[in-house]
Amino acid sequence: MSNTHQEAIKQFLSLMGNVDEQLNDTFQNMHHGNPTETLARFLKARDWDVQKAYKMLIDCLQWRIQNEIDNILSKPIIPADLYRAVRDSQLVGLSGYSKEGLPVIAIGVGLSTYDKASVNYYVQSHIQMNEYRDRVILPAATQKYGKHISTCLKVLDMTGLKLSALNQIKLLTTISTIDDLNYPEKTETYYIVNAPYIFSACWKAVKPLLQERTKRKIQVLQGCGRDELLKVMDYSSLPHFCRKEGSGSSRNRSNGTIDNCFSLDHSYHQQLYNYIRHQANLIESGRPIKQGSVHVEFPEPDPEDTKIAKTIESEFQRLADQNGICNSLNGLKVNGD
């Protein structure tokens, strides 16, 4: 780390020394004993501008307090059938670890439908996975690999991506904004696999709008990406949709060689769900756990994110026009509206 960066962290630490007790408490719950690493992430996200990074972190801490994020891992989505429906339509899971010890998060972008529950449940589930990653998965990886691990790899499967994905743009922008503002710089690399033509066309339009820092993190791999990914992880950690050409991210494929990390029956989701149920029981101490989603305040998207979303929308419209189905996209209802 350069002297300039060390000086920026020193200034940032000094500013944080003056925050009130409530902000300081939630900051401690968030940094898990690594304040310097957390400050560095917020500085990176604001190009090492101390004042901008400080504002970003204070906004994040206030968001955590207002939405009781410190307690979100004690609020299970129940009954289990509803949670299974969320898992079947919001395809995400932990497939393993890289050779460097980074958790490998798999995301089925193309086949996620987000149509089995309200928007609030999907946002709640996403934040819970973020918090579980930061509080449980990363500290366990740090201990196992004997070095501090604070980031992950993400493998995004574009199998099944269709023009109808336009329906989900608002929800995906909300989730992306929550990550950008409150969980910055937690992903080392994004690997895009099984990309159909529709993704390639959108990528050309969106890539110039991305910040250089973000662009450097994204790698679009050939086919299912298996050979490239095997350079950074063992076969056992490959997401099931990367294990052979054309395997796709089928929701229920599971046999001796394919372990579907999207399924609620996968060990990761079982451990996460049991952890949340256990935390809820500790707090409720015998009383029945309340049903209903957690209503998290959605932050306003960054103007850059809005521009990207609009670019994707217009690119989808162009592709639809090319295919002669423009009329079917008119008046599309976006999730949450």
Pair Thr159-Asp157, side-chain donor/acceptor within less than 3.5 Å: yes
Pair Asp179 + Lys186, salt bridge at N-O below 4.0 Å: no
Whether Tyr273 side chain and Tyr268 backbone form a donor-acceptor pair below 3.5 Å: no
Under the ring pair (Phe, Tyr, Trp, His ring centres under 6.0 Å) test, residues paired with Tyr191 that sit two or more places apart: none
Atom pair CD/CG of Gln124 and Asn67 - distance to nearest 0.5 Å: 11.5 Å
Electrostatic pair Lys147-Glu100, nearest N-O below 4.0 angstrom: yes
Between Ser74 and Gln279: side-chain donor-acceptor atoms closer than 3.5 Å: no
Test item: side-chain donor near acceptor, Ser125 and Gln90, under 3.5 Å: yes
Short N-O contact, Glu212 and Lys217, less than 4.0 angstrom: no
Lys NZ or Arg CZ of Arg87 over Phe262 ring: under 6.0 Å, within 45°: no
Phe27-His31 aromatic ring centre distance below 6.0 Å: yes
Ring pair (Phe, Tyr, Trp, His ring centres under 6.0 Å) involving Tyr121 - partner list, sequence neighbours excluded: none
Under-4.0 Å salt bridge between Lys154 and Glu188: no
